[in-house]
> 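The structure's right below; bear with me while I get my questions together.
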Amino acid sequence: MTRVLATLAVIGVATFLASACVEPKDFVTDLGPDAPACTVVASTDAKDACVRFRDALCAQAKSCEMFATLPACVTWFTSTYGDCDKAGDKPALTTDQNNAFVACLCALPTASCRTLNLSGVEAAVPDCASF
């Protein structure tokens, strides 16, 4: 009987310790008034905006474990949004587009991994759809 209780206790402790190692991916990252101020500046041209958006989106996607490597994310980004090298032919962002761009890049680092993965960046950070 003691042996059975000891075995059950070991199993219980092992289960508890194993569950403590699971790291949730959609934790709350809103720091409220303690959050550092966003330092993103407006874009100078369409290519600059594309590259900075791609880098911010891929950094968050990689931290959310959506892609194993940054090059894999860049390949996905290019097939989804286009090649940033070709964006140089487009006009610079308007003031409204630049405001959305800054808001998007400020919010991306704390975007919900679950929403980003299931619904895309435009759902996770609505400002990203406006530039």
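Every value quoted in this text rests on a predicted model; they were computed, and no experiment measured them.
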> To check you understand the geometry: which heavy-atom pair defines the closest contact between A124 and S112, and what is its length?
CB-O, 4.4 Å

> Treating Ile, Leu, Val, Met, Phe, Trp and Tyr as nodes and any side-chain heavy-atom pair under 4.5 angstrom as an edge, say whether F53 and L70 lie in one connected cluster.
no

> Once rounded to the nearest 0.5 Å, what's the spacing between atom CG of D55 and atom SG of C73?
9.5 Å

> Could you report the tightest heavy-atom contact between E122 and A129, atom names first, then the distance?
CG-CB, 3.5 Å

> How many angstroms lie between NZ in K62 and OG1 in T69, if you round to the nearest 0.5 Å?
7.5 Å

> Is there a continuous path of hydrophobic side-chain contacts, each under 4.5 Å between heavy atoms, that joins L108 to M66?
yes

> Say you draw a straight line from CG of L57 to CG of L116; how long is it, rounded to the nearest 0.5 Å?
6.0 Å

> Can a side-chain donor-acceptor contact be found between D48 and S43 if the only test is distance below 3.5 angstrom?
yes

> Between A42 and F101, which heavy-atom pair has the shortest distance, and what is it?
C-CE2, 4.4 Å

> Can you name the closest pair of heavy atoms from V125 and A107 and give their distance?
CG1-CB, 3.6 Å

> Looking at Q60 and A111, would you say the former's side chain and the latter's main chain have a donor-acceptor pair under 3.5 Å?
yes

> Could you measure the distance from the SG atom of C50 to the CG atom of D83? Nearest 0.5 Å is fine.
7.5 Å

> Is there a side-chain contact (heavy atoms from CB on, under 4.5 Å) between V40 and R52 once you walk through the steps?
CA-CA 10 Å; V40 174; R52 290 170 55 200; 3.4 Å; yes

> Test of understanding: clusters of I, L, V, M, F, W, Y form through side-chain heavy atoms closer than 4.5 Å, transitively. Do V51 and Y81 belong to the same one?
no

> Let me check something: do V41 and L93 share a hydrophobic cluster, defined by ILVMFWY side-chain heavy atoms less than 4.5 Å apart, either directly or through other members?
no

> Do you know the tightest heavy-atom contact between S130 and A100?
CB-CB, 3.5 Å

> Would you call the rings of F67 and W76 parallel, tilted or perpendicular, where under 30° means parallel and over 60° means perpendicular?
tilted

